[in-house]
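Quick notes on the structure that follows.
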Number of protein chains: 2
Amino acid sequence: MDQNSLPPIQTTARDDAVLKALVGFVRAEALQPGDRLPTERILAERLKVSRNTVREALTRWEGLGLVERRQGSGTYLKAAVSPDMLHMPLTLAGGNDFTSLMHTLEIRRALEAEAAALCAERASPADIAEIKRKLDIMEQAFRTRDGMSSEEDWEFHQAIYRVSGNPLFEQIIAAMHELFHRFWEHPLGVRDFGHASFPYHRTIYECIAARDPQGARAEALKLIATVEDDLKRGAAKLKLSSQT
Amino acid sequence: MDQNSLPPIQTTARDDAVLKALVGFVRAEALQPGDRLPTERILAERLKVSRNTVREALTRWEGLGLVERRQGSGTYLKAAVSPDMLHMPLTLAGGNDFTSLMHTLEIRRALEAEAAALCAERASPADIAEIKRKLDIMEQAFRTRDGMSSEEDWEFHQAIYRVSGNPLFEQIIAAMHELFHRFWEHPLGVRDFGHASFPYHRTIYECIAARDPQGARAEALKLIATVEDDLKRGAAKLKLSSQT
DNA sequence: TGCAGAAATTGGTTGGACCATTGGACCACT
DNA sequence: AGTGGTCCAATGGTCCAACCAATTTCTGCA
């Protein structure tokens, strides 16, 4: 390890300075997600700050999901870091599960439609082939496992976001996706949740392949609409069962 | 073997327990945003944990924007807290180039349109009056200060997001707004940046007041389009000037 | 009464200590 | 060779007792 890439801290605002130095260190060492950071004791010594200060800084990063600490093992990078990162903790408070789920879907409806349209505008032949490949995998998984294809389904969508050329789509929708699935432990009693959305994956693909942005947007909206319908059905069923 | 049948066991979670207790305290005391929390020393004593542990917990909340610490003064609540809060840290890799700015606008285009449509669907008469008020303030500021009304402009939009009933709109668009404005100090040489968007604020309001979701969506799209045009003009001018 | 300075309060930092967990080294036994 | 057991150093988690720096509150003099 290059010890010169961790110079001592100078001014006030200690823990922020620690994080800034750590960003520089990660870049200098070209650390990838999964790599281990220096131990807290070493960081404290190199940066000439107390170990507690290092810990406060790492606690911040841990809260942002940038880093994972494992006692007895070390602190590991969980995501790529860069000097000009913007951290925006989304807070979804109050309300019942149904309301929160609908909120994530409203965001997805807006972004899925836009991403699909941009994808249809910008997709190269190679991009279209890649999306087709993901679609085939997903349809195959759907048939063999009788509707349980959430993983392959998600990869199909991710391919579209990537081809849209705007990395923000994937990041934000991924956040919505994760937010959605945190409520998802109890599928609201709807066994065939998501079945209705199946055919629209192919129609979205066809619109993209045909370079038809408006069509892709419309099909994406239909897809989200089916999920919203499933959700409403589940909520109605839940309300019914809770009244007994 | 079903790997999910052996989840990792939970061993220690001191600071999480502190936050849980703090949520209960805030509820029991009915603390509102702006109120002061007990001092770290008192919390440490009451909860029978070290002050360091309390600090780590508060650092987490500070990172989530739930709390603000002021040295010498105290720790203050910044947002409402509830036991069923869900946090999703969103870290966006920023860029200061033209492409990154366009990316933030693509997201805004999708979300502004959806938020305006939802707002038109759901706005109560009181909501409409509030939006009108913000519009008047903004138009007044625009005329008296000759186009410099970014602050009031932003408040007008925020009112729309709030009325949409989905807090995620405001949070995500705020992130895009900040990402955009981080590089807007020099508006790419376009002096009247944003002027063209002015009339659409009123047309959006009129569609909302008329409960016309599709109209509101269309007007919001036009508004973003003018900003995109301004950006493209600025980029072209910049490219021209850098070639001299 | 008004206000400057002292004193108390509070978050920020330090250094040192000990605990709990982890992971590797080593070893005995099969 | 493989399995399980024991030991040990490394590492994050917690605790303590100070002191520092910013802020607020109180006090006493003009």
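The sequence lines fix the lettering, A, B, ..., with proteins before strands; numbering per chain opens at 1.
DNA chain D is contacted by both V49(B) and R41(B); V49(B) maps to the nucleotide lying nearer its 5′ end (nearest heavy atom per residue).
One finds a salt bridge joining R70(B) and E68(B) here, because a Lys/Arg side-chain nitrogen approaches an Asp/Glu carboxylate oxygen to under 4.0 Å. The existence of a salt bridge linking K132(B) and D136(B) is confirmed by a sub-4.0 Å separation between a basic side-chain nitrogen and an acidic carboxylate oxygen.
A sub-4.0 Å separation between OP1 or OP2 of dT21(C) and a side-chain N or O of S73(A) is absent. The side chain of T53(B) contributes no N or O atom lying less than 4.0 Å from OP1 or OP2 of dG13(D). In this structure, R14(B) reaches the dC15(D) phosphate: one of its side-chain N or O atoms is under 4.0 Å from OP1 or OP2. Residue R70(A) places no side-chain N or O under 4.0 Å from the OP1 or OP2 atom of dT11(D). Of the side-chain N and O atoms in R51(B), none sit less than 4.0 angstrom from OP1 or OP2 of dA18(D).
Between dG15(C), dG12(D), dG11(C), one nucleotide has an atom nearer to the side chain of R69(B) than all others, and that is dG11(C).
Relative ring orientation between H201(B) and H157(B) is described as perpendicular, the plane-to-plane angle rising above 60° on a 0-90° scale split at 30° and 60°.
A donor-acceptor pair shorter than 3.5 Å can be found between the side chains of Y161(B) and E112(B).
Checked by distance alone, N52(A) brings no side-chain donor or acceptor within 3.5 Å of a matching partner on the base of dG12(C).
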*asked:* Run E29(A) and D35(A) through side-chain contact (heavy atoms from CB on, under 4.5 Å) and show every step you take.
replied: CA-CA 10 Å; E29(A) 300 286 324; D35(A) 289 349; over 6 Å; no

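The nearest whole Å value for the distance from the CD atom in E68(A) to the P atom in dG13(D) is 11 Å. L19(A) has its CG atom 14 Å from the P atom of dG12(C), to the nearest Å. Counting to the nearest Å, the C1' atom of dG16(C) and the CD atom of E45(A) are 15 Å from each other. The separation between L58(A) atom CG and dT14(D) atom P is 14 Å, rounded to whole Å. One interatomic measurement links the two molecules: CD of E56(A) to P of dT14(C), which rounds to 10 Å at whole-angstrom precision. Counting to the nearest Å, the P atom of dT10(C) and the CG atom of L37(B) are 13 Å from each other. One atom, CZ of R55(A), and another, C1' of dG12(C), lie 16 Å apart when rounded to the nearest Å. E40(B) places its CD atom 11 Å from the P atom of dT10(C), with the value rounded to the nearest Å.
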